[in-house]
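Remarks on the structure that follows.
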Amino acid sequence: MKETVVSGIRSTGKLHLGNYYGAVKNFVQMQNDYNCYFFIADLHSLTTHPTPADLHGNIKHVLVEYLASGIDPENSTIYIQSDVPEIAELYLYLNMNAYMGELERSTSFKDKVRANPDNVNAGLLTYPVLMAADILIHKATKVPVGKDQEQHLEMARTFGNRFNRLYNTEFFPEPYAFSFTEKLVKVPGLDGKGKMGKSEGEANAVYLSDDPETIRKKVMRAVSDGGPTEENQAKPEPIQNLFDLMKVVSSTDTHEHFEDLYSKMQIRYGDFKKQLAEDMIIATAPMRERIQDIAKDDSYLRQVAKHGALKARESAQKTIREVRSLIGFKSF
């Protein structure tokens, strides 16, 4: 029996290099060795109140880009979260045993409250419970997550173990963080601070679907400085971020060449950024072409979504039947 892996990406916009190198590239490798469920987290995205048109469009973007990146719907189960109502049912049951204090202590909840004090909704508070339901519904043991999601995964273990204790069972296994590669890839943004992300604005992220001219413009505008003032000096964060991006998309020789120029105070940021942009264009070219082709094929997308929903619901319905029985819901 293959171990079960579950992971999802929120449908809040197009996928960028951070999503690809930090997650989706790993998904493609995992699908041959594990029983994989990769979902589009549209229920999670409702905490930011997207319009109906934006919600549907964003779901389509992620579905198209999952497929263009190489996730095979025959090898993996690709599904839209809201197509599997059993997830929402398990979310309800787990909420009954999730406590205000522990949810309020969640680091991501506190960050969201600080960032959006006018939109502190119950969905944000119980976000870790929904994430736990996503994982536990398939009884997954491996979850590919970054450092920022490890606390949520710990809470998923807490909720699963609490259910087991409450109903005197060993029903839910413990899920653990998992990376198919030796170390997680951190892809920084172009704004000079932090990781690449959708919420930081268009200019911060290079999207898989961006055309070459857009990529060039974004990279040339990336935050930099006046250059090194002494040999072998440490790089400030914005410059280190650009070198980290080059390490991801460029050859080792190219990266080492510019490292050497920086150390010798001979670097010209214009040349460096031009090289970085061209390497990004080359890295995204195959996916960009596939995205354009797949996006036009609505019947294929419908088929993939329907097929994925059937496979995901088969697993989810089995879990929910057993959960309902353990809780004590029985037909008369």
side-chain contact (heavy atoms from CB on, under 4.5 Å) assessment of Gln29 paired with Asn32: CA-CA 7 Å; Gln29 292 176 281; Asn32 297 315; over 6 Å; no
Go through Ile281 and Arg288 one step at a time and tell me if the side-chain contact (heavy atoms from CB on, under 4.5 Å) criterion holds. CA-CA 9 Å; Ile281 290 164; Arg288 187 162 47 250; 3.7 Å; yes
In this structure, would [X] and [Y] fall into the same cluster of hydrophobic residues linked by side-chain contacts under 4.5 Å?
X: Val187; Y: Tyr207; value: no
X: Tyr300; Y: Ile40; value: yes
X: Val129; Y: Val113; value: yes
X: Phe171; Y: Ile137; value: yes
X: Leu310; Y: Ile71; value: no

Ignoring hydrogens and geometry, is there a side-chain-to-backbone donor-acceptor pair from [X] to [Y] under 3.5 Å?
X: Glu3; Y: Lys142; answer: no
X: Ser69; Y: Glu65; answer: yes
X: Lys247; Y: His255; answer: no
X: Asn35; Y: Lys2; answer: no
X: Arg157; Y: Pro175; answer: yes
X: Gln81; Y: Asp42; answer: yes
X: His138; Y: Ala140; answer: no
X: Lys139; Y: Ser315; answer: no
X: Asp279; Y: Leu276; answer: no
X: Asn204; Y: Leu190; answer: yes

Which atoms form the tightest heavy-atom contact between [X] and [Y], and what is the distance?
X: Ser224; Y: Ile239; value: CA-CD1, 3.6 Å
X: Thr319; Y: Leu136; value: CG2-O, 4.0 Å
X: Leu242; Y: Ala222; value: CD2-CB, 3.9 Å
X: Met265; Y: Glu231; value: SD-N, 3.4 Å
X: Ser209; Y: Lys14; value: OG-CD, 3.4 Å
X: Met287; Y: Ala283; value: CE-O, 3.7 Å

Could you measure the distance from the [atom1] atom of [X] to the [atom2] atom of [Y]? Nearest 0.5 Å is fine.
X: Glu86; Y: Ile320; atom1: CD; atom2: CD1; value: 6.5 Å
X: Ile87; Y: Ile135; atom1: CD1; atom2: CD1; value: 11.0 Å
X: Lys25; Y: Leu17; atom1: NZ; atom2: CG; value: 11.5 Å
X: Tyr21; Y: Leu245; atom1: OH; atom2: CG; value: 10.5 Å
X: Ile9; Y: Leu63; atom1: CD1; atom2: CG; value: 12.0 Å
X: Asp134; Y: Leu130; atom1: CG; atom2: CG; value: 5.0 Å

Thr214 meets the side chain to side chain contact (heavy atoms under 4.5 Å, CB included) criterion, sequence neighbours left out, with Asp210, Asp211, Lys218
Taking the side chain as every heavy atom from C-beta outward, state whether [X] and [Y] have any pair of such atoms under 4.5 Å apart.
X: Leu124; Y: Phe109; value: yes
X: Phe172; Y: Val323; value: yes
X: Leu67; Y: Pro73; value: yes
X: Phe258; Y: Phe243; value: yes
X: Phe39; Y: Val6; value: yes
X: Arg268; Y: Lys274; value: no
X: Arg321; Y: Lys318; value: yes
X: Arg10; Y: Thr47; value: yes

Step by step, work out the side-chain contact (heavy atoms from CB on, under 4.5 Å) result for Ser11 and His61. CA-CA 8 Å; Ser11 53; His61 280 311; over 6 Å; no
More than 12 foreign heavy atoms under 6.0 Å from [atom1] of [X]: is that the case here?
X: Glu314; atom1: CD; result: no
X: Asp298; atom1: CG; result: yes
X: His56; atom1: NE2; result: no

Yes or no on side-chain contact (heavy atoms from CB on, under 4.5 Å) for Lys273 and Arg221, after CA distance, side-chain angles and deciding distance? CA-CA 9 Å; Lys273 288 180 176 180; Arg221 291 174 187 155; over 6 Å; no
Partner of Glu174 under side-chain hydrogen bond (donor to acceptor under 3.5 Å, both in side chains), picked from Asn161, Thr158, Asn164, Thr141, is Asn161
Check: Tyr167 ring centroid to Tyr93 ring centroid under 6.0 Å: no
Do the ring planes of Tyr269 and Tyr262 sit parallel (below 30°), tilted (30 to 60°) or perpendicular (above 60°)? tilted
Only one of Asn121, Leu94, Leu103 clears side chain to side chain contact (heavy atoms under 4.5 Å, CB included) with Thr126; which? Leu103
Do the side chains of Glu213 and Arg216 get close enough for a salt bridge, i.e. N-O under 4.0 angstrom? yes
Asp83 and Arg313 ion-paired at < 4.0 Å: no
Between Asp271 and Gln275, do the side chains contain a donor N or O and an acceptor N or O under 3.5 Å apart? no
